[in-house]
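To keep things clear, I will list the structure first and then write my remarks on it.
One-based numbering, in listed order, for ligands and for the atoms of each. Position 1 is the first residue of the sequence, and the numbers go up from there. Because the structure is a prediction, the values reported are computed rather than measured.
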Amino acid sequence: MSETGPIVARTVAAMREHVALWKAEGNLVAVVPTMGALHDGHLALVKAAQRDCRRVIVTIFVNPTQFAAEEDLDAYPRGEAADLAKLQALGADLAFLPGVDQMYPDGFATNVRVEGLTEVLCGLERPVHFGGVATVVSKLFNQSKADRAYFGEKDYQQFLVVRRMVRDLDIPIEVVPVPTVRESDGLAMSSRNVYLSKEQRAVAPALYKVLSGMATRMAQGETASAAITWGRAALDSAGFDRIEYLEVRDAETLAPIDGATRNARVFVATHMGETRLIDNLAV
Ligand code: PAF
């Protein structure tokens with residue numbers, strides 16, 4: 001554990017001063033973009049970054065442009081002191097904590113839109129979400145000038161969108177996916193899990209069980225549509241209020257898949273009360 005904790009930078013200029021020094025010393029620099037409320041899933045991203053790169057920046061910014069008006073921007077969990085303590089324990093080098101005025105100054109007018117990948121799965125019910133993500137992530141990449149960026153596979157569609165954007169816009173950064181971290185009962189770690197009541201928390205692990213069941217069925221030769229029919233029935237009886245989607249798609253293109261299981265991934269989004277839970281698994 002470091003004695004002093006990470007350097008805290010609240011402006012782009014302050015962050016860049018440190019990055020310039022590190023690069024002048026020949027060090028690889030990683031960036032881990034987050035919205036704070038750090039849990040073990042985020043910490044796994046930091047550890048993966050530390051394995052590859054000498055210096056690690058963690059950005060903490062609850063990005064307003066990726067929330068629609070009716071979504072949980074105001075309620076989103078925030079806790080700067082607790083987050084910094086966790087980063088100190090890991091020995092992260094720098095925490096970038098910009099204000100909204102630093103990221104979106106008056107007159108800000110640009111939106112980064114990645115076509116195709118953003119129009120399916122989560123993009124159907126959250127049409128502004130991925131534009132906000134792509135915009136803020138492209139800014140964080142340009143601001144940090146990091147060599148590598150680490151994203152959790154829990155938000156697999158987000159990882160694909162960011163990787164596409166980086167390729168399309170020639171941003172000089174390598175996007176690295178990190179496997180989902182789960183609770184002991186299989187529930188994927190998420191900052192939104194704190195919203196779940198005790199009863200909802202008891203239902204939530206069914207998501208992973210259903211995804212695993214579908215992956216096993218498909219690996220044994222069942223078609224995607226048969227696996228989806230089974231999975232829908234299992235989710236219905238588990239007690240979710242609504243299934244937003246349950247789909248099998250190609251892990252690179254997100255195109256629907258039926259017969260073949262090569263490169264297939266199962267994706268799910270469900271709702272319980274106000275809380276939306278997503279997960280995905282490779283077949
Ligand atoms: O995954 C998240 O926490 C956010 O979407 C990200 C990548 C930090 C952009 O705001």
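Counting heavy atoms closer than 4.0 Å to ligand 1, residue Thr34 contributes backbone atoms (N, CA, C, O) but none from C-beta onward.
Between Val19 and Ser144, the closest heavy-atom pair is CG1-O, 3.3 Å. The nearest pair of heavy atoms linking Ile57 to Trp22 is CG1-CZ3, 3.9 Å.
From the protein, the heavy atom lying nearest to atom 9 (C) of ligand 1 is Gln66 OE1, 3.3 Å.
At a 3.5 angstrom cut-off on N or O pairs, Gln158 counts as close to ligand 1.
Atoms of ligand 1 lying under 4.0 Å from at least one heavy atom of Val136, given by number and element, are 9 (C), 10 (O). Less than 4.0 angstrom separates some heavy atom of Met35 from each of these atoms of ligand 1: 3 (O), 4 (C), 8 (C), 10 (O).
For the residue pair Asp279/Tyr156, the side-chain donor-acceptor check at 3.5 Å is not satisfied.
Between Glu252 and Arg163 a salt bridge is recorded (basic side-chain N to carboxylate O distance below 4.0 Å).
Asp258 contributes no side-chain N or O that, together with a main-chain N or O of Thr223, makes up a donor-acceptor pair within less than 3.5 Å.
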